[in-house]
Amino acid sequence: MPTARPPLFAGDPLLADAREIEGAAVRFGGIARQVLEHEQLRERAVKLLRSDFAVCDDFVATLGHTVTESDLVVCCGTDDVYTEDQVRAWTLSSTAETAVHWLSGGHFYLGEHTSALARLIGERLGSAAPAAGAVGAPSARDRGGS
C-alpha cells in the first residue's frame with residue numbers, strides 16, 4: 001500500500017506558479033517532453049493541471065464527511081500518492097456500504113485495468129438491484145410474468 005507522502009503544495013494549488021505545477025506533475029509521471037517544448041501546449045497543460053490539483057486537494061479536505069447514502073466502490077492504484085488511510089477514509093463518506101479495491105499501478109492505473117474496473121462496477125450494480133416490489137423495481141410484467 002502507498003506510504004504517506006508530503007502534500008503536493010504548501011498552499012492553494014490555484015495560486016501555484018507554473019514551475020510548482022510542473023514539479024508536482026512529476027509525481028504522476030510528468031508532462032510529456034513534446035508538451036513542455038511547445039509554449040502554448042505547456043501553458044494549457046499547466047492551467048489544466050492546476051485545476052486538477054485543486055480538485056484533488058478539495059477531495060482530500062472533504063474526506064471523512066458523509067456526502068452520500070449510496071454504496072461506493074473506491075479504487076486506487078497501489079503506487080498512487082494517496083495513503084491507505086486516505087483511501088479507506090472514503091468509508092466515512094457514505095452511510096451505505098463502501099468497498100475498497102487496490103489495483104496495481106500509479107495514479108493513472110485505470111487504463112491498465114479497464115476489464116477489472118468494469119467487473120467491479122458491474123458486480124456492485126448487480127448487487128444494488130432493487131428488491132421486488134420496491135420503488136423502481138421491475139414489475140412482474142417487466143420480468144416476463146403476468
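Since we're looking at a predicted model, the values are computed, not measured.
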Chi angles and distances behind the side-chain contact (heavy atoms from CB on, under 4.5 Å) call for L117, L103: CA-CA 9 Å; L117 286 166; L103 301 168; 3.8 Å; yes
Point-to-point distance, once rounded to the nearest 0.5 Å, from CZ of R42 to CD1 of I21: 12.5 Å
Spacing of E84 atom CD and C76 atom SG [to the nearest 0.5 Å]: 10.0 Å
SB check R119 E123 (cutoff 4.0 Å): yes
E20 side chain to D17 backbone, donor-acceptor under 3.5 Å: yes
Between [X] and [Y], which heavy-atom pair has the shortest distance, and what is it?
X: A54; Y: P13; value: CA-CG, 3.6 Å
X: W102; Y: T83; value: CH2-O, 4.3 Å
X: I31; Y: L36; value: O-CD1, 3.6 Å

Within 6.0 Å of CD in E37, more than 12 heavy atoms from elsewhere: yes
Crowding at CD, E39 (>12 non-hydrogen neighbours, <6.0 Å): no
Qualifying ring pair (Phe, Tyr, Trp, His ring centres under 6.0 Å) pairs with a residue from residues 21-41, counting only residues at least two apart or across chains: F28-F53, F28-H107
In one Ile/Leu/Val/Met/Phe/Trp/Tyr side-chain cluster, 4.5 Å: L14, V46: no
With H101 via side chain to side chain contact (heavy atoms under 4.5 Å, CB included) - residues at least two apart: V73, C75, A99, L120
